[in-house]
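Data first, discussion second: the structure below is written as structure tokens.
Since the model is a prediction, treat every value here as computed from it, not as a measurement. Protein chains get the first letters and strands the later ones, always in sequence-line order, with residue 1 at the start of each.
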Amino acid sequence: MTPEELSLAISACLKDAVAAGEIELSASAVPDEVRVERPKNREHGDWATNIALQLSKQAGTNPREFATILSARLKSIDGVSAVDIAGPGFLNITVDAAAAGALAKAIVEAGREYGTTTTLAGHVVNMEFVSANPTGPLHIGHTRWAALGDAIARVLRASGAEVTAEYYINDAGSQMNVFANSVYSRLHGQPVPDGGYPGQYIADLGHDVLTQHPDIRELTEVAALPVIRAAAYKAQMKDIKDTLADFGVAFDVYFSEQELHDAGAIENAVARLREQGHVFDDGGAVWLRTTDFGDDKDRVMIRANGEPTYFAADAAYYLSKKDRGFTEKIYLLGADHHGYINRLKAIAACAGDDPEANIEVLIGQLVSVNGAKLSKRAGNIIELKDLISWLGKDAVRYSLARFPADSPLTLDPDLLKKHSNENPVFYVQYAHARSRGTARNAVAAGVDRSAFDASLLDHATENELLSYLGSYPSIVAKAAELREPHRVARHLEVIAGAYHRWYDACRVAPQGDEAVTDVNRTRLWLNDATSQVLANGLDLLGVSAPERM
RNA sequence: GCGCCCAUAGCUCAGCUGGAUAGAGCGUCUGUCUACGGAACAGAAGGCCGGGGGUUCGAAUCCCUCUGGGCGCACCA
């Protein structure tokens, strides 16, 4: 019995009680699923619900009386062995071992599908993240969004959503000229101009350009710059894509801002928004009246000099997403961009969309290193490439994915550089490796999965492990709904802990020359079910599940 | 000045949107140890959940306020 099945059954009992007139409630007040949770205290049964406390007031009765009526019906649920009323009106439910244990077999049979749901079926999502400017390598500041955004995309897909992961390349602005100028200067052995890009990588890019265009230094500045700009951009973009690939992050679409300009999408966007009645002219500039939709001030789209603003490109880009059929556009931005939320939402509203439903801006706090913010001047910029080579992809991804985006994160570079066991990723990965090792040993000792008797999984540690495996799908669904993949990571740590305790208490393989029994065979099912859940969960975080460590 | 985010164990952080005695990892201390790989397990110490009010059966969680941090307020990109 899974917690989902139990919660559905409880809801059915509630509806029956209402229909029978035992409880006075309107039908709409009865939830379709009654949340059950795992009590911290083992004496409080396997599952507990506070539904009586929540609904008794509406029902015009007191919680304990409500609980008493409901518990009489809950006892008749197949697989429920006891129902107790505790404290102010908690219902503590105990499930018999056979009903709980059946889950082990179900998980193994579901395989990679276990944990996937259809809770977000029908959602067509555009998930934009990273979108780092192509003027330099990815660094630790981008790493959080890469790890988080990719995990969110995976969790959404696991919940049935259709997700396109997208990277917006800001390849149009004046920054690209600054970028080209910087490379040009380094090519000629000159210091980069004021406001240019410092850093060794600029010189390295210069070398790249030089190998492709050996005579580049002979050209005049005017002739050389466009060539440099194109070649350096290409090389830098390749570097970014390679790094992301090493990090296990795959984008479905790399979207070029320049192509928006070239296709006339900016003018088109202005015209469309004007049609909607939200564009006005003032002081020679063209404005979008974003204040109609909660922005602090109206935004310029076309400057008085005729040049479009970055904001205009944003609007055109939004319309592109809309035209491509995405009902939900998710933006993952750093906290330094939180001022964009209102104007992005206003764009959606001006385009005739519902800013509540069709656009979602997720803001993540910036990563700091030893309390200092990251800056080129402070010299504490750490490239993603370096992080991966120091720690490995798995440790980096896991340690960033196990925290919610809105928690400020402080990293210690010394700790980062040493490959330490302090990272819980090893705890989880080890649990997986250990379960695989256990299976290998069991098979070698003649244990197979030819028999399964769920009632034999009656040890306290088995009860605990089964309950955590059982709540895994709802954790994934919750993670998708809230865009919080860290919930999956935390739950994996809980499962790993329960597995290690079970491992210590219950052997799978027979000891010495003992005969193989159904206890061994049934435990192998549970062992393999745990491997499966850990592997499925780690995959959602983009972390590997090793057979050996 | 206005706005958004944050404050929980010595450190890094969870806390399932209001539930039972606030948790984990690391660090410190003590055990398990002829072992299906110990990267493990059991236990101890460590907390006025930043301060103060409020809401109710019940608050780390919701509301108000103060304090202390981070970030943002362009015809830049």
If you look at every strand shown and take non-hydrogen atoms under 4.0 Å, does A:Ala335 touch a base, only sugar-phosphate, or nothing?
-> sugar-phosphate
The nucleotide from B:C13, B:C75, B:A39 with an atom nearest the side chain of A:Met549 is B:A39
If you measure from the P atom in B:A7 to the same atom in B:A74, how many Å do you get, rounded?
-> 28 Å
At under 4.0 Å between heavy atoms, what does A:Thr438 touch on the DNA or RNA strands: base, sugar-phosphate, or nothing?
-> base
With A:Arg434 as the cation and A:Tyr503 as the aromatic partner, state whether NZ or CZ is under 6.0 Å from the six-membered ring centre and within 45° of the axis.
-> yes
Do any side-chain nitrogens or oxygens of A:Tyr499 fall under 4.0 Å of OP1 or OP2 in B:A40?
-> no
Between A:Asn177 and A:Ser174, do the side chains contain an N or O donor and an N or O acceptor separated by less than 3.5 Å?
-> no
Atom pair distance, as rounded to whole Å: CG in A:Asp282 and C1' in B:C75 | 11 Å
How would you label the contact of A:Gly284 with the nucleic acid (heavy atoms, under 4.0 Å): base, sugar-phosphate, or nothing?
-> nothing
Reading RNA chain B 5' to 3', how would its secondary structure be written in dot-bracket notation, given Watson-Crick and G-U pairs with both distances under 3.5 Å, brackets [ ] for crossing pairs and | for partners on other strands?
-> (((((.(..((((.....[...)))).(((((.......))))).....(((((..]....)))))).)))))....
Nearest of B:A14, B:C75, B:A77 to any side-chain atom of A:Trp287?
-> B:C75
Which part of the nucleic acid does A:Arg402 contact within heavy-atom distance under 4.0 Å: base, sugar-phosphate only, or nothing?
-> nothing
Distance check: side-chain N/O of A:Arg303 vs OP1/OP2 of B:A74, anything under 4.0 Å?
-> no
Rounded to the nearest Å, what distance is computed from the CD1 atom of residue A:Ile302 to the P atom of nucleotide B:C75?
-> 14 Å
Nucleotide of B:A77, B:C13, B:A39 approaching A:Arg343 most closely (side-chain heavy atoms) = B:A77
Between B:A45 and B:G25, how far is it from one P atom to the other, in whole Å?
-> 15 Å
Just checking, any donor-acceptor pair under 3.5 angstrom between side chains of A:Asp394 and A:Ser544?
-> yes
Spacing of A:Leu288 atom CG relative to B:C75 atom C1', expressed in whole Å = 14 Å
Same-atom distance (C1') from B:A77 to B:G69, integer angstrom = 28 Å
A:Asn62 has an atom CG; how far is it from atom C1' of B:G58, in whole Å?
-> 15 Å
Summary of protein contacts for nucleotides 16-23 of chain B, nucleotide by nucleotide, where a base hit scores B, a sugar-phosphate-only hit scores S (4.0 Å, heavy atoms) | SB-BBB--
Verify the contact: side-chain N or O of A:Tyr427 to OP1 or OP2 of B:C41, cut-off strictly under 4.0 Å; return yes or no.
-> yes
Would you check if the distance from the ring center of A:Phe129 to the ring center of A:Trp145 is below 6.0 Å?
-> no
C1' gap between B:G53 and B:C16, integer Å = 29 Å
Give the rounded distance in Å between these two atoms: OH of A:Tyr233 and C1' of B:A77.
-> 15 Å
Side-chain atoms of A:His486 come closest, of B:C75, B:C41, B:A14, to B:A14
Side-chain donor-acceptor contact under 3.5 Å, A:Thr291 with A:Asp298 | yes
Please check the phosphate of B:C73 (OP1 and OP2 only) for any side-chain N or O of A:Tyr340 closer than 4.0 Å.
-> no
Would you classify A:Glu493 as touching base, sugar-phosphate or nothing, given that sugar-phosphate means primed atoms plus P, OP1 and OP2, and contacts are heavy atoms under 4.0 Å?
-> nothing
Taking atom CD of A:Glu259 as the centre, does the number of heavy atoms from other residues, nucleotides or ligands within less than 6.0 Å exceed 12?
-> no
A:Asp295 CG to B:G72 P: how many Å, rounded?
-> 17 Å
Taking the chi torsion of B:U61, is it syn (within 90° of 0) or anti (everything else)?
-> anti
Quick test: give all pairs of protein nitrogen or oxygen and nucleotides 1-3 of chain B nitrogen or oxygen below 3.5 Å, distance rounded to 0.1 Å.
from : atom 1 : to       : atom 2 : distance (Å)
B:G3 : N2     : A:His338 : NE2    : 2.4

For atom NE2 of A:His491 and atom C1' of B:G15, their distance in whole Å | 14 Å
Between A:Arg229 and A:Phe179, is NZ or CZ placed under 6.0 angstrom from the six-membered ring centre and within 45° of the ring axis?
-> no
Length of the line joining A:His500:NE2 and B:A40:C1', which is rounded to integer Å = 6 Å
